[in-house]
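Everything below concerns the one structure shown next.
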Amino acid sequence: MNRLQTIRELRRHRKLAEKRAVNYEQNKTAKYVMMFLGGFVIVYLMFFAVMFSLIANESASVTAIELMMGLAPFILLVDFLFRFLAQQTPSQIVKPYVLLPIPTSTCIDTFIGTSLFNWGNLIWFAMLVPFAIMSVLFVEGFWATLGFLFCFYLLILANSQWYSIARTLVNNSLFYWIVPVVVYALVALPILLKGGSEKGFDDFFDFYAGIGTAISDGSALPYLGALALLVVLVFINRRLQMTNVMRELSKTEQTKLRSVSQFAYFDRFGEVGQYIKLEIKSILRNKNPRKGFIVATALVLMMSILIAYTTVYDGQFGTNFWCVYNFFIYGSMQLTKIMCNEGNYIDCLMVRRENILKLLKAKYIFSTATLVFPFVLMLPPVISGKWSLLMVVSYAVFTAGFQYFILFQMAVYNKQAIPLNTKFISKSGVENNYFQVVIQIAGLFLPVVLISVLLLFLNETVAYIIILSIGAGFIAAQPLWLRNIYNRMMRRKYVLMEGFRSSR
């Protein structure tokens, strides 16, 4: 095949990849749920379009294009953060092709092109097109409207490449989080120079609104600048993806002699204690589990500092949501992928009766123990009188009981192994596992809805006691529902083992 035929064939493979995935059946239903939630997002974007249009139509100081370009850095930042939920980097999906007689560079080029010409890059047009019709078309004219939309589209495409670069660097090392921090600090430089004052925000807005002025004046500079930015980012992204793939393909494992703790304390708990040791050593010895645990710990620490020493989450909804979320972080990042790490050696775990049940018990004990960290970090607001101790204890127990009950159900359905160390050439990422995303959303928002309803009809003390009782009930029933999960797993063991083997 020539290069063009190869690219077409690779694109066809990626279109079929979702149907061939081991989690296709469970993903199919979950995808409809995600589409339903996506519909809500589109409705909200249309609402923002109306709101921004009213502001633009009533403003005598800025035009509609200037307003939207002044807001563009915030929109692109939100777009960047939401891409972490779904978008894979090109190097993450190259593994099935590295042993074929296909140039790796062709694979990378194809997947970069696929990430550019993706329907997800058009979702912001649910806000931009209605806004343009209501505020730009009949004031600036058709060509100015078309130019505004085209320029914004180029910026969104450039943002997709910037995300891919940042995601790849962060996958390399958590230290590289400093790169997006520095980039967005430079973007917000007018605000930082004025110490976050109103004048700083005005300078920030005026600087980026100037792009809208140039578009209205018919200048080619905004388009050339956005196109040049896109080309440069595509080139950097291509080199970065290629470098990481080749480095990981040529990597050789080196065994280092070191002193290893035996964690003898856990020996007294029998086989469950051995599996607790396995959980700890898996984090200490393997790159991907360790990185996930460090990220979760950093998020808990950051969130706890914001809660304790700022007033940004002092409202009733903010208090309840972020307190629940802070306890939920570890489970959200670790338990939604439960058994995925063990999928690499699932055959060993299946050789003895009830091995998996003891492993689930160990995971529950370890996951519950991690809640001590956010609990301790959230004591300062309790000591200062900002929060009540009953609320924090209630949410901790509720997370260990009800929320972990929900997350542990994923053990029955997860059948996609996650590499323990390799990151850039995994056969398929779990970012496209819509079922996991739905479970995360349910585990986070259902408790908030329940708490909000209770607080609506009851006083806080009674509501928190009910929450505490629900959590305690699920903790007390933990042997029953873990046994139920184990039995359901055993009924599906051949399906699970086949999925884990085929996704290694």
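Every value quoted in this text rests on a predicted model; they were computed, and no experiment measured them.
Atom OH of Y184 has more than 12 neighbouring heavy atoms from other residues, nucleotides or ligands inside a 6.0 Å radius. Remark: I178 CD1 is loosely packed, at most 12 non-hydrogen atoms of other residues, nucleotides or ligands lying under 6.0 Å away. The number of heavy-atom neighbours closer than 6.0 Å to CZ of R239, taken from other residues, nucleotides and ligands shown, is 12 or below. For CZ of F48, the number of neighbouring non-hydrogen atoms (other residues, nucleotides, ligands) closer than 6.0 Å is 12 at most.
The closest side-chain heavy-atom distance from L116 to Q161 is below 4.5 Å. Using a 4.5 Å heavy-atom threshold, the side chains of V183 and W162 count as touching. You'll find the side chain of L335 stays beyond 4.5 Å of the side chain of M410, heavy atoms only. Considering only heavy atoms from C-beta on, L155 stays 4.5 Å or farther from N159 through its side chain. Using a 4.5 Å heavy-atom cutoff, the side chains of N487 and R491 are in contact. For the pair E271/N355, a side-chain contact is recorded, criterion being any heavy-atom separation below 4.5 Å from C-beta on. Looking only at side-chain heavy atoms (C-beta outward), M242 and R238 stay at 4.5 Å or farther from each other. Looking at L450 and F402, their side chains never come closer than 4.5 Å, going by heavy atoms from C-beta outward.
Judged purely by atom type and a 3.5 angstrom limit, N344 has no side-chain atom pairing as donor or acceptor with the backbone of A417. Side-chain atoms of S160 come within 3.5 Å of backbone N or O of L157 as a donor-acceptor pair. The main-chain N or O of Y275 is never found under 3.5 Å from a side-chain atom of E279 such that the two would form a donor-acceptor pair. At least one donor-acceptor pair under 3.5 Å links the side chain of N286 to the backbone N or O of S282. A donor-acceptor pair under 3.5 Å is formed between the side chain of S367 and the backbone N or O of K363. The closest donor-acceptor contact from the side chain of N414 to the backbone of I338 lies under 3.5 Å.
Under the salt bridge (charged side-chain N to carboxylate O under 4.0 Å, His left out) criterion, K361 pairs with no residue at all, not counting sequence neighbours.
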- Query: When you look at L496 and M339, which way does the side chain to side chain contact (heavy atoms under 4.5 Å, CB included) test go after all the steps?
  - Reply: CA-CA 10 Å; L496 296 177; M339 298 305 297; over 6 Å; no

- M489 and L360: side chain to side chain contact (heavy atoms under 4.5 Å, CB included), yes or no, with the steps? CA-CA 11 Å; M489 288 181 68; L360 292 175; 4.1 Å; yes

- T370 and Q334: CA distance, side-chain angles, deciding distance, side chain to side chain contact (heavy atoms under 4.5 Å, CB included) verdict: CA-CA 11 Å; T370 60; Q334 303 291 323; over 6 Å; no

- Query: Under the side chain to side chain contact (heavy atoms under 4.5 Å, CB included) criterion, do L284 and R290 qualify, and how do the steps go?
  - Reply: CA-CA 6 Å; L284 294 177; R290 181 171 63 248; 5.9 Å; no

Donor-acceptor contacts, no H, no angles, side chain residues 299-306, under 3.5 Å, sequence neighbours left out:
| residue | atom | partner | partner atom | Å |
| --- | --- | --- | --- | --- |
| S304 | OG | V300 | O | 2.7 |
| S304 | OG | N326 | ND2 | 2.9 |

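Taking CD1 from I42 and CZ from F125, the interatomic distance works out to 13.5 Å, rounded to the nearest 0.5 Å. Rounded to the nearest 0.5 Å, atoms CG (L76) and CH2 (W124) are 8.5 Å apart. A distance of 6.5 Å separates CD1 of I470 from CG of L454, quoted to the nearest 0.5 Å. Interatomic distance, L371 CG to F328 CZ, rounded to the nearest 0.5 Å: 11.0 Å. With rounding to the nearest 0.5 Å, the separation of CD1 in I485 from CD in Q478 is 9.5 Å. The NZ atom of K358 lies 8.0 Å from the OH atom of Y486; values are rounded to the nearest 0.5 Å.
The distance between the ring centers of W481 and Y364 falls below 6.0 angstrom.
Put simply, the residue from F398, F373, F375 that forms a side chain to side chain contact (heavy atoms under 4.5 Å, CB included) with F327 is F375.
Within the structure, salt bridge (charged side-chain N to carboxylate O under 4.0 Å, His left out) pairs that include any residue of residues 324-334 do not occur (at least two apart or interchain).
Remark: the R488 side chain and the N484 side chain contain an N/O donor-acceptor pair separated by less than 3.5 Å.
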